[in-house]
Visitor: 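After the structure tokens below, expect a handful of questions from me.
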Amino acid sequence: MGSNEAAPRRLLWVNHFAAAPDMGGGTRHVELGRELVRRGWSVQIAASDFHLHHREYLRRRDSSDRSVIHERIDGVDMTWLWAHPYTRNDTSRIRNWISFGASLSSLAVESEPPDLVIGSTPHLFAALASWRLARRLGVPFVLEVRDLWPESLAVGGGLRGPGYWSLFALSRFLYRVADGIIVLASGVGEYLIQRGVPSRRVTLVPNGVDARAFAAAAPEERERLRLVYAGAHGPANGLEAVLLAAAILRDDQGVSFLLVGDGPSKSELTERAREQGLERVCFQEPVPKSAMPALLGECDAGLMVLRDLPLFSFGVSPNKLFDYWGASLPVVCNVGGDVAGMVAASGGGIQARDGSGPALAGAIQALLSLSPSERRAMGLRGRSWVTAERDRPIVAAKLEGAIAPLIRSSR
């Protein structure tokens, strides 16, 4: 068959927490899938409609409905699988992970099976089920390393007990059996190579931005400084530093904070802000990704904050940073390593000296000392960098370059 008559290459991409544009959360998979479709691929994404932050089903009535739900978004076939509901980060959350893997294992593959399966690691059970499915179908398996396991347990204060070492063994097994490995941060690739993964099997396919979704015009030049944080509110996100910075800056009437999102720490953060009388700190519920450009357009700068942990110096590729720059916002950042390197390379923000609240307050004051036109220029530099380096079509080309050679020539 000639190249002009070749059938589309078929990809099944599994990520338990992949989100549609009308949901809160990252839309990396839908947006990159859309770009692959434009390049002639057939893309199916398997995810759960039990939302990570809302803690409710967004496509089915309730937990009694265990049907497989199909939806097409921008040419991408979304397959919503059932997973067990949970409300707290306890053993029921592990049950949610395992049940998603079980739903994937029982997924009926259509008459035209995929040519390749990507399994993502917000947790390892979904990746393991993805590998089993790829092996059953006799197609290549690619591991997408989003979170490092068991290393991520340290973020939540986990101990190195039997669970830790079980996840350690499982992660090393997946590194060994994967035909290719995708990493989202260059530091993660270096980390894996240092631990024995052959460099030829590791490809950087970072997070990025859908630049077309954001208005190209810069935000208004305003004397005020409304800083926005849009993302998860959990122990790893270090939002306590934001509250401390807000307390330090409470007498500056021109500075306010908008924290958008949800997570296990939100109620505690909200109560702490109320007790401390932080009247210019506002909490808002998560918004769909489709509403993010409008929300960021009402703000003046973005907050890129995380807890000060060694893993975050090399192991993150934060969507929120790229969205801020997509909206032409200057960024105040307290994350070191790779993220700090991007801030420096882009000229699109100010770096705090460390992860503390006083350091964050100092960086905010440095941004406030600039004129509105200088802040505007800083945001435009960030947009220029992210459009050139992290726009979805650019990242999709990297993804295609990583997976296309693995597909067998005779299908």
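Basis for what follows: all heavy atoms, side chains included, without hydrogens, waters or symmetry-related copies. Predicted model only: the values in this text are computed from it and were never measured.
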Visitor: Take atom CZ in Arg95; do more than 12 heavy atoms of anything else shown fall under 6.0 Å from it?
Guide: no
Visitor: Test your reading of the model: is there a side-chain donor-acceptor pair from Tyr229 to the backbone of Leu258, 3.5 Å cut-off?
Guide: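 Pair absent, no side-chain N/O of Tyr229 close to backbone of Leu258.
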Visitor: Checking the side chain of Lys266 only, and the main-chain atoms of Gly261 only, is there a donor and an acceptor separated by less than 3.5 Å?
Guide: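 Looks like yes, one N/O pair under 3.5 Å.
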Visitor: Can you check whether Asp22's main-chain N or O pairs, donor with acceptor, with Ser290's side chain at less than 3.5 Å?
Guide: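 No: the side chain of Ser290 does not pair with the backbone of Asp22.
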Visitor: Without swapping roles, check the side chain of Ser317 against the backbone of Pro206 for a donor-acceptor pair under 3.5 Å.
Guide: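 Looks like no, no N/O pair under 3.5 Å.
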Visitor: Charged N to carboxylate O below 4.0 Å: is that the case for Arg39 and Glu35?
Guide: no
Visitor: If you round to the nearest 0.5 Å, how far is CG of Asn15 from CD1 of Ile45?
Guide: 8.5 Å
Visitor: Angle class for the Trp82/His84 ring planes (parallel below 30°, perpendicular above 60°, tilted otherwise)?
Guide: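 Ring orientation of Trp82 relative to His84: perpendicular.
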Visitor: CZ of Arg66 to CD1 of Ile69: how many Å apart, nearest 0.5 Å?
Guide: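 Here the rounded value is 13.5 Å.
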Visitor: Between Asp179 (side chain only) and Val142 (backbone N and O only), is there a donor and an acceptor less than 3.5 Å apart?
Guide: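 No.
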Visitor: Flag the pair Phe173 / Leu128 as yes when at least one side-chain heavy-atom distance between them is below 4.5 Å, and no otherwise.
Guide: yes
Visitor: Tell me if a side-chain donor or acceptor on Ser106 pairs with a main-chain N or O of Ala102 at a distance below 3.5 Å.
Guide: yes
Visitor: Exactly one of Leu204, Val205, Leu143 should register a side chain to side chain contact (heavy atoms under 4.5 Å, CB included) with Val183. Which one does?
Guide: Leu204
Visitor: With the threshold set at 4.0 Å, does a side-chain nitrogen-carboxylate oxygen contact exist between Lys289 and Asp323?
Guide: yes
Visitor: What I'd like to find out is whether the side chain of Leu269 reaches to under 4.5 Å of the side chain of Leu243, using heavy atoms alone.
Guide: yes
Visitor: For Val30, is there any backbone N or O sitting under 3.5 Å from a side-chain donor or acceptor partner on Thr27?
Guide: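 Checked: no pair found.
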Visitor: With the threshold set at 4.0 Å, does a side-chain nitrogen-carboxylate oxygen contact exist between Asp77 and Arg72?
Guide: yes
Visitor: Arg201 side chain to Tyr175 main-chain N or O, any donor-acceptor pair under 3.5 Å?
Guide: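 A pair under 3.5 Å: yes.
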Visitor: Nearest 0.5 Å, please: how far is CD1 in Ile118 from NE2 in His29?
Guide: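 Nearest 0.5 Å value for the NE2-CD1 distance: 7.5 Å.
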Visitor: Hey, would you say the Trp80 and Tyr57 ring centroids sit under 6.0 Å apart?
Guide: no
Visitor: Measure the spacing between CG of Leu360 and CG of Asp354 and express it to the nearest 0.5 Å.
Guide: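 Here the interatomic distance stands at 9.5 Å.
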Visitor: Is it the case that the side chain of Ser384 and the backbone of Leu380 share a donor-acceptor pair, with hydrogens and angles ignored and the cut-off at 3.5 Å?
Guide: no
Visitor: State whether the side chain of Asp115 and the backbone N or O of Val139 hold a donor-acceptor pair below 3.5 Å, judged by distance alone.
Guide: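 No.
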Visitor: Check ring pair (Phe, Tyr, Trp, His ring centres under 6.0 Å) between Phe125 and all other residues, then give those that pass, not counting sequence neighbours.
Guide: none
Visitor: Are any of the side-chain nitrogens in Asp300 or Arg375 under 4.0 Å away from the carboxylate oxygens of its partner?
Guide: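 The answer is no: the pair does not qualify as a salt bridge.
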Visitor: When you measure from the centre of the six-membered ring of Tyr86, is the NZ or CZ of Arg88 closer than 6.0 Å and no more than 45° off the axis?
Guide: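 So Arg88 doesn't make the cation-pi contact.
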Visitor: Parallel, tilted or perpendicular for Phe314 and Tyr191, by the 30°/60° rule?
Guide: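 Phe314 and Tyr191: parallel rings.
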Visitor: Check this for me, if you would: do Glu271 and Arg274 make a salt bridge, where the nitrogen-to-carboxylate-oxygen distance has to be below 4.0 angstrom?
Guide: yes
